[in-house]
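Right, one structure below, let's go through it.
Counting starts at 1 for both ligands and their atoms, following the listed order. Hydrogens, waters and symmetry mates play no part in the numbers below; they use all other heavy atoms, side chains included.
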Amino acid sequence: MKLRKVSAAAATALVLTLTATACGGDGDSEGGSGSGGKKITVGIKIDQPGIGQKTADGSYEGFDVDVATYVAKELGYDADAIEWKEAKSADRETMLERGDVDFIAASYSITDERDQKVDFAGPYLLAHQDLLIRADDNITKGEDLNGKKLCSVAGSTSAQNVKAEIAPKAQLQTYGGYSECLTGLENKAVDALTTDDSILAGYASQDQFKGKFKLAGLKLSNENYGIGVKNGSDLKAKINTALEKMVEDGSWEKYVKKNFGPANYNYEPAPKIGNIVK
Ligand code: GLU
């Protein structure tokens, strides 16, 4: 292959150029048509229907996508100036610390531990940890999970809560994304999938799973969704202003109805900025 002949120095230069092009970490990198050519890079989930999902045509939809688009607009970036990046649960702090993204809206719960590494604007949604189980199964409380095979995602609060509090004797399997747990639940490799009810409701309402799965309906925790930014970033205050406006002008209500309505998700009222429910 000809490429092999490229010198190490040239290869490094190429990688650096590609990296610089791909990252919009400082929020004012050049390129794009709208917003005076400036781009903003936003981390989202891409496999969570109702929250953040990549569609067949390559675009993105969901509550977090709508919230992020509104926030970006308030920061001076049109929708076509947004560069979306998948932010897996276990990668979020690192992506912000490295400057890979300007902000993250990815079912990202505000926790004390994460708050040491990054800053959070919000909260903008209050969800609760729950279980998705097979329709013919009966799990009525967290302790019922002891001894059962439970699936969650690495780096999520849900996995941590199970180990630390809810059911320390559950056989916890952690994957990179929730969609992998769904296959396991369907073919009985696992007995339950645990994460936020906001996410589980979206899965349960998918055509391919209708009638197969149900939510256990347990409020196992409070998950205060925040928008993550780099520690010390002045974006936090600006995003908080945008989030407040989003609630006041009725956009928040519009977005929850549009995205959670199809899944019949019984969402909590809009939280007040800075009001974290423990
Ligand atoms: N909201 C929880 C968290 O931030 C679970 C959902 C997720 O993994 O994104 O860990």
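The two residues Gln160 and Glu113 come nearest to each other via the heavy atoms NE2-OE1, 3.7 Å. Here the closest heavy-atom approach between residue Asp130 and residue Leu220 is recorded as CA-CD1, 4.3 Å.
Closer than 4.0 angstrom to ligand 1 sit non-hydrogen atoms from Lys45, Ser89, Arg92, Ala106, Ser107, Tyr108, Ser109, Arg114, Ser156, Thr157, Ser158, Tyr178, Thr195, Asp196, Ile199, Glu223, Tyr225.
A ring-ring contact (aromatic ring centres under 6.0 Å, His included) check over residues 160-205, counting only residues at least two apart or in different chains, returns nothing.
Each of Tyr225, Phe103, Phe120 was scored for a ring-ring contact (aromatic ring centres under 6.0 Å, His included) with Tyr108, with one residue passing: Phe120.
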Exercise for the section: Apply side-chain contact (heavy atoms from CB on, under 4.5 Å) to the pair Phe260 and Leu125, showing each step before the final yes or no. Expected result: CA-CA 12 Å; Phe260 296 135; Leu125 189 78; 4.1 Å; yes
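Side-chain atoms of Trp84 do not come within 3.5 Å of backbone N or O of Lys54 as any donor-acceptor pair.
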